[in-house]
Every structure is written in C-alpha cells, then in structure tokens.
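For reference, positions follow the sequence shown, starting with 1.
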Amino acid sequence: MLGLVDGRYALLPLAAACGLYTLYRKYSKISISDVPGPESKTFLLGHSKELLLADCGTTEAEFRRRYGDVVRVKAALGEDILWIADHKAIKHILHKSGYDYPKPPGDKPLRAMVTDEGLAWADGEMHRRYKKILLPAFGIPEAKEFLPVFTHVITRLADRWANELTDKGSTGIINVADGLMRVTLDAIGFGTWSLYTKHRPAFDHDFGAVIDSDDPLMKSYTHLMTVFAAPSPGRLIFRGISRFVPPSWLSFLYEHASSPDIQRLRENRQQVHTFAGGLIEFKRKALEQGEGQKDIMSLLLKANASANEDAKLRDDEIVPQMRTIMFAAHETTAITIAWGLYELAKHPQVQARLREEIIETRKKIKARGDTEFTTNDFDAMPYTIAVMKETLRLHPVVADIPRFSGKDDVLPLANPITTRSGKVIHELPIPKGLRLTLSFYAYQTNEDLWGKDALVYDPDRWLEERDKSGALIGVYANLLSFSAGVKNCIGWRFALVQIQASLIHLISTFNFALPDEPQEVRMFRTVTVVPKVSGRENEGIQLPLKVSLL
C-alpha cells in the first residue's frame, strides 16, 4: 500500500485470486448489488481513484447528484463498498451501533504504524477502557486551562510573521498553513508534556517548531501525513489485496518494508518511544515529589496512580496514547485554522465584521481591568463562533472515514432509495463484512440540511434558526468535524479553544487577502484534507496568502 510493491503487474496473479473470492462472497450472502451506483471502468482499481485521488468535494458532488445519499461503489478487485451521506444511516452507524462498525481489519496494521495501538486504533472493549481512562484529562475545565498555552504559541507565530513583514515593507506572501502546523506542534509540546502556565513552562519541552529548532521529534512529525497522499496504482491494488491478508502478516510486511514512506513512519515511532520512555519516569518522580502539573502526561500518570489495577494504563499503553494525541491534534487543528484564514481572505467583509467584534470585546476586557481574553469572552462572541462553525462545516479536516460491518444489519434511511430494479426502499439490509465509507463532507454540504446555499461560505447561517431535520449527530453544532458517537474525538474542546484563540489573535494583528497573482487552491486528500496550490503540488502543503500588518 505504501511502496511495498514497485508496480501493479507483480500483483496480478494474487489480484485475480482475490477477485474470484470477492465474486463468490458477493453471491453467497446479503447483496447490495441492487443499490444504485456508477459502473467501474476497471476491475483492478474500481473507483479508488475517484474516492482517494480526486479533490475533496468533486466525487461527493457527482455521487449525490446522480445517485443520492447512498451509493454502491467499487474498490480495487471488484469489492463492493457502500458510500453513505444519509444522516440517518450515519447516525445509526456512529451512535446506536458504534462498536458494531469497527475500522476495517486490513487498515489496522498501517494505523498502528502511525499511532501504535492507542485510542484511535482501538475498537470494542479496548476502546471503551482507553476512553474511560483518558476522558478526565479532556473535559471543559481542562480545555480552559490550556488557553495560556494556545495564546503563547500563536503569539510566537504572530511575532515571527510581523518581523518577516516588517522586512518586506509591512505586506508579503506567507504560507500560513506551514506556520500554523508549527504552532499546533508547539502547543502539543507544552500542553501534553509541560503545561505552559504564568508565562513559563512548568516542565519544559519546547519543540521550537515556530522558531525552526532542530528538535528531532519535531522534524519527525513535520508533514508526516503527506506519506499517505496520492497513492500509486500499485498501492491501490495492494490495498485491495490487503483485506485478504491476516493482519499479523501485514504488520510483518510493514515492519520490514524498504519503502521510504514506511521507513519514515518507523523512524517517527522510534523518536516518540525514545522520548516518551524517559519522560514517563521524569513525570512520575515529579508527581511523587508533589510537583505534578496539569499537562496531559501528568494527568494520565496521576489517574493511573489512584486507579484500580484493571483501570490502569501500563507504561507501554501510555506511549501509544501520546502518539495518538500527536497525530490527532497536530495537523487537524492547524489545517482547520488555515482554511478559516483562506475563507476570510476570500470574504473580506466577513473578516472586517469579525475584526470589529474582536475590537469591541477587547474594549470590554480592558474596561473590567483585564488584558487577556478568557474562554468566557469567547463564549460571548457570537460572530467569532459563527465563523468557526462555518469553517468546520465547509472544511471538515477529515472528509470521510472507513467502517466495517461487524454483523448483518439494517440501515435506516432519511431519504428512500430507488434501487436499480425499481424498488423504493426506506431501509437497507447490509451483510456482515461490508466496507463502508461515511462521507462527512457530503453530509455537511447537504442542501436538504444546510439550505440551497450549502456550498457557500456564510457564517450568518449560524445566527439564524434553521431546521436541520433531526440531524442531531456530531458532538458540536451537528457537525461531523469531530466525528460522533462512541468514537468521537475526545480532544474536540481543546481544538475549539485553540481555533478561537488563534483566529482572534491573528485577525487582531494582520489582514489576510488572496495573492494578487491568481492561484487555484486544491482541497487535496491525504489522511486529512490539506491545501495545495495547483501546479505546485510537489511543494507539499501550501496556502499562500497576502498578509499585511494592521
């Protein structure tokens, strides 16, 4: 999947055997063959290119226009997959039956290369146990405690940008995505291991990402998710074959593959394990001496010390949680903020209105004798919240997620399906072992839920009362940006505080506009949906904006 093979032809005999097995399985159990969907042009690849290589929004719009919210598509080697944007079906899968729809088994060995066997990897009872132990460190009070961290790191980036712009005469082109990814990495360094309080780190681990330090752990995470971008035909075919391969065999392959991408994942794992092993001992001794702080590592170790034996995390289970946090909180939050700045650059009237609310709130803060924003101030800024919600809606950082039916089931449907044979059905039987793709982007741009202007960036929609037709799904604002149900993102409150703190500080300091030279910004799929400039994709994640000092 990631460079394990050099070309597709070496895989043809194995692919043929897998394809025959797929046909056998298709006609020996519950079938979804009557569900409408596009015909595949190639047995080897199916619709993999449309699902994995097309820019976010392109395939989703075509599927919904032609077939509706439930579509049968083909993966590599003729495998049927159910693509789902129907909100009632998604709610059933994520909420009511969350643990009956695990992650596809064939994907888990590669996931383990990125996060180890942490919360994002786990299913079933292991996931329940991990989440119960981790949740106390991710509540509302804990998220509020992290505001000084987020304020510190975004101020450091703003200072760097201001210095660069001063040298350029107050205006210049800046790749905002790169700077913001450095910010979130620094925030994790302080917040996970050394909570920043009273303007100095309590236990200092500063990645120095914003200031271009040589921290090896920081370097191992820089643009790490690009290893998953634009998979080759050989990788797509291997992905189809991998579902027939025992996970233990796949793990062995990934451990010994010579692919540069796989090697980079292994090196990242080694960096984290080396660092975290020493840090656990350091934090444990600090707690014994009464010096523990409210960083996440200290909170986990403190909870462990007082927990029953069956509720404790072993040291070898704590490290995977750290890798999970690094993976889940780094690029996702940064890219969301970057897309927000992009939309504000495209809509100067929205940016001006946002800046006006920030200025008015700052006056109130000064009038009461304070100098810094609090999370209570954030809650009293309706337009800032609307801008954040609209950015999350139109730019879900994860466009879709894969699931796997653990049993035969019946999916309820918000909108009936007219099958290929002409039947109108209001619920859909599906077989055990079916792969599904839940499209968050299609849900969040559904005209029936969000209005005829669902593809338009309009924060005012959040200041109006609009009927969402019972689509109460996500943990925040009916959105799926943080997923939903039993496997929602436990760090979503932290992300909201960091997004608000970052937007407020940056819009207070700079004006953002589109560059004078026209450019096409692509919503490019990796694990996340990242910005890239058309014609310059090989330069990596890019979002150049014209930035001016206020």
Worksheet item: Any donor and acceptor pair, going by atom type alone, linking the side chain of Q542 with main-chain N or O of K532 inside 3.5 Å?
Response: no
Worksheet item: Say you draw a straight line from OG1 of T115 to CG of L110; how long is it, rounded to the nearest 0.5 Å?
Response: 9.5 Å
Fill in: No-hydrogen, no-angle side-chain donor-acceptor test under 3.5 Å, W450 and Q444
no
Worksheet item: What's the spacing between I401 CD1 and L438 CG if we round to 0.5 Å?
Response: 5.0 Å
Worksheet item: If only atom types and distance count, is the side chain of K103 paired as donor or acceptor with the main-chain N or O of A120 below 3.5 Å?
Response: yes
Worksheet item: Any sub-3.5 Å donor-acceptor pair from R323's side-chain atoms to V114's backbone N or O?
Response: yes
Fill in: Side chains of D409 and Y101, donor plus acceptor under 3.5 Å
yes
Discussion item. Looking at K74, is its backbone amide N or carbonyl O close enough to the side chain of S40 to form a donor-acceptor pair, meaning the two atoms are under 3.5 Å apart?
Written reply: no
Worksheet entry | Taking every non-hydrogen atom, the tightest pair across D460 and Y383 | OD1-CE1, 3.9 Å
Worksheet entry | Minimum heavy-atom distance between F378 and V497, given as atom pair plus value | CE1-O, 4.0 Å
Worksheet item: Is the backbone of G98 close enough, under 3.5 Å, to the side chain of R403 for a donor and an acceptor to pair up by distance?
Response: no
Item to complete: Answer yes or no on whether K108 is positioned over the face of W121, meaning its NZ or CZ is under 6.0 Å from the six-membered ring centre and within 45° of the axis.
Response: yes
Worksheet entry | F494-F138 aromatic ring centre distance below 6.0 Å | yes
Worksheet item: About how many Å separate CD of E427 and NE2 of H92, when rounded to the nearest 0.5 Å?
Response: 10.0 Å
Response to the item:
Nearest heavy-atom approach of D86 to P412 is OD1-O, 4.1 Å
Discussion item. Can you confirm if the NZ or CZ of K389 lies within 45° of the ring axis of Y476 and under 6.0 Å from the centre of its six-membered ring?
Written reply: yes
Worksheet item: Are H426 and N415 linked by a side-chain donor-acceptor pair shorter than 3.5 Å?
Response: no
Item to complete: Output the distance between atom CG (L434) and atom NZ (K407), rounded to the nearest 0.5 Å.
Response: 14.5 Å
Worksheet item: Which heavy atom in V475 sits nearest to a heavy atom in F482, and how many Å separate them?
Response: CG2-CB, 3.9 Å
Worksheet item: Going through the distances and angles, do R182 and D186 end up as a salt bridge (charged side-chain N to carboxylate O under 4.0 Å, His left out)?
Response: CA-CA 6 Å; R182 294 171 180 272; D186 278 348; over 6 Å; no
Worksheet item: So which pairs with a foot in residues 37-50 pass salt bridge (Lys or Arg N to Asp or Glu O under 4.0 Å), sequence neighbours left out?
Response: E39-R420
Worksheet item: Do H347 and Y457 meet the criterion of a side-chain donor-acceptor pair at a distance under 3.5 Å?
Response: no
